[in-house]
> 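The structure that follows is given in the form of structure tokens.
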Amino acid sequence: MKVEALPSIKGDFNLENYQAAYESFDWTTIEKEFSWYETGRVNLAYEAIDRHAQGDRKNKVALYFSDQKRDEKYTFKEMQEYSNKAGNLLRQLDVEKGDRVFIFMPRSPELYFTLLGAIKVGAIVGPLFEAFMEGAVRDRLEDSEAKVLVTTPELLERVPVSELPHLKHVVLIGEHVKEEGPIVDYHSRMEKADKKLAIEWVDREDGLILHYTSGSTGKPKGVLHVHNAMLQHYQTAKWVLDLKDSDVYWCTADPGWVTGTSYGIFGPWLNGASNVIRGGRFSPEDWYGTIAKYGVTVWYSAPTAFRMLMGAGDEIVKKFDLASLRHILSVGEPLNAEVVRWGVKVFNLRIHDNWWMTETGAQLISNYPAMEIKPGSMGKPFPGIVAAIIDDQDNVLPANRMGNLAIKSGWPSMMRSIWNNPQKYDSYFTPGGWYVSGDSAYMDEDGYFWFQGRVDDVIMTSGERVGPFEVESKLVEHPAVAEAGVIGKPDPVRGEVIKAFIALREGYTPNEELIQEIRSFVKSGLAAHAAPREIEFRDKLPKTRSGKIMRRVLKAWELDLPTGDLSTMED
Ligand code: 6R9
């Protein structure tokens with residue numbers, strides 16, 4: 001396949017020569033970057049905060065927080081003190097190493113203090129999206145047997161406290177909280193808590209964080225990560241996010257999603273970066289305004305957000321001073337080539353796609369700032385990572401063949417278990433030692449990986465394998481199409497036929513003529529067999545809170561099947 005490659009735009013990056021780094025890389029050399037290499041005492045929160053607070057970065061701003069009501073900043077020294085206090089608060093509640101402490105609240109400085117404090121006392125933290133309803137909260141607290149929950153009075157209504165026998169304390173962050181039964185008042189306890197804390201030193205293999213991720217059926221599964229993941233959080237933040245001391249970094253993801261912890265907390269702070277956290281809802285004005293307000297230099301977001309910004313038009317971009325930006329990244333879903341080209345046009349920067357999963361804990365395949373990128377490709381494996389396309393019999397496939405995207409087991413941030421479900425964990429690995437992602441992809445002759453779809457989503461129509469993403473990407477190039485979700489629908493003749501669900505842009509009305517026009521657009525731009533036979537218009541497509549189009553839900557609706565777990569679906 002012929003694609004235009006985009007050269008790097010602005011120079012002087014942490015990783016100058018990908019190929020040389022890939023060939024010589026060794027994770028053990030990264031260990032020397034951490035203080036435990038000398039002291040033998042391990043705790044990720046110590047490396048992320050305290051180490052900087054005791055050194056040159058003491059008075060550097062670690063956290064810029066703002067939302068509609070608050071506008072605050074905290075230095076590394078202050079972050080150390082507040083997280084120490086939170087650690088002491090939790091210890092008063094008998095939190096010990098390995099206990100689960102869950103946090104269910106909107107983004108706020110307190111979320112970060114308590115999350116870091118919990119890690120400092122050796123607890124395993126579990127961040128939950130504030131939008132979760134009672135069923136989703138119950139499933140997660142029940143399965144993890146959480147001992148403490150940190151939340152707000154507003155959200156407490158969705159926590160069935162009396163039905164959760166393992167939940168001993170609920171720390172409430174609000175005004176005039178009365179301590180009664182399990183309720184603990186955050187503010188009064190924080191005021192009294194000591195700002196010095198004896199950190200709980202842990203083993204590198206001890207539990208750090210539990211992220212629940214939904215399967216297509218059944219209850220969500222708890223993916224456990226350990227402190228050792230810091231090696232990869234640190235090094236990927238350095239080479240992929242390209243963080244330097246002078247950067248002001250903004251990751252738009254919520255900590256309820258793995259991107260909001262690995263790259264909203266751990267990666268940036270392990271590198272001592274100034275981290276911007278913006279609360280409240282998405283709007284183009286708000287987001288461009290946030291970049292301008294803080295002079296954001298490195299910006300990490302997701303395709304759904306970039307598509308919405310693209311949909312808002314280019315005029316609005318000109319109203320803001322975005323000159324500080326020097327590096328943009330995307331994860332979570334396929335990044336359409338169209339969006340990359342739009343980014344170059346309006347920001348004069350490439351948007352760098354990268355691929356990873358909750359289970360992998362950190363980035364595995366990426367585009368690097370000093371490397372040529374091919375728009376639409378996820379890039380190349382991170383140094384130290386062996387990625388391949390394998391068939392169902394564990395054979396590695398040659399270039400340009402579609403198959404299972406797989407990673408050789410054994411990278412530092414790999415999940416260590418599925419909570420309460422060892423069989424599920426084992427099911428990810430092949431006899432040959434490959435971790436199978438469940439994504440289908442191919443690798444081109446230059447070693448770039450191209451996403452095709454979830455394996456379950458790949459469509460087989462008249463003997464041709466079609467990745468839904470390819471079709472969706474072509475669809476969103478059409479001026480009328482804002483978003484598209486594509487599924488295979490069983491068909492007696494063709495095996496499956498392609499059906500597209502489309503949300504139109506402002507100003508377009510659904511009609512037969514438009515359907516024909518869109519269909520021939522895909523036919524001529526992609527392939528006749530890839531053109532959707534059926535097109536249905538919808539105001540909105542079903543998406544996860546991290547912005548992924550939920551094709552299995554479209555399919556379930558279409559075929560009248562059970563939709564499976566919907567707790568991660570956006571309202
Ligand atoms: C970090 C995160 C993982 C799934 C993954 C894949 C999809 C992620 C992608 C991508 C195409 C990319 N995905 N990055 N698809 N291109 N750059 O997203 O974790 O929420 O667990 O989702 O997301 O299908 O398997 P998670």
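Counting convention: from 1, in listed order, for ligands and their atoms alike.
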> Can you run down the salt bridge (Lys or Arg N to Asp or Glu O under 4.0 Å) pairs that involve residues 260-283, sequence neighbours left out, and say none if there aren't any?
Arg278-Asp286

> Near ligand 1, which residues have a heavy atom under 4.0 Å away from one of its atoms?
Trp257, Val258, Thr259, Val331, Gly332, Glu333, Pro334, Asp353, Asn354, Trp355, Trp356, Met357, Thr358, Met378, Asp439, Phe451, Arg454, Lys548

> To the nearest 0.5 Å, tell me how far Phe129 CZ sits from Glu570 CD.
10.5 Å

> Going by the rule side-chain hydrogen bond (donor to acceptor under 3.5 Å, both in side chains), which residues pair with Arg204 if we only count those two or more places apart in sequence or in a different chain?
Glu31, Asn228

> With rounding to the nearest 0.5 angstrom, report the OH to CZ distance, Tyr442 to Phe451.
12.5 Å

> Ring-plane angle category for Phe382 and Trp27, please: parallel below 30°, perpendicular beyond 60°, tilted otherwise.
parallel

> Under the rule for salt bridge (Lys or Arg N to Asp or Glu O under 4.0 Å), what residues qualify as partners of Glu536, not counting sequence neighbours?
Lys499, Arg538

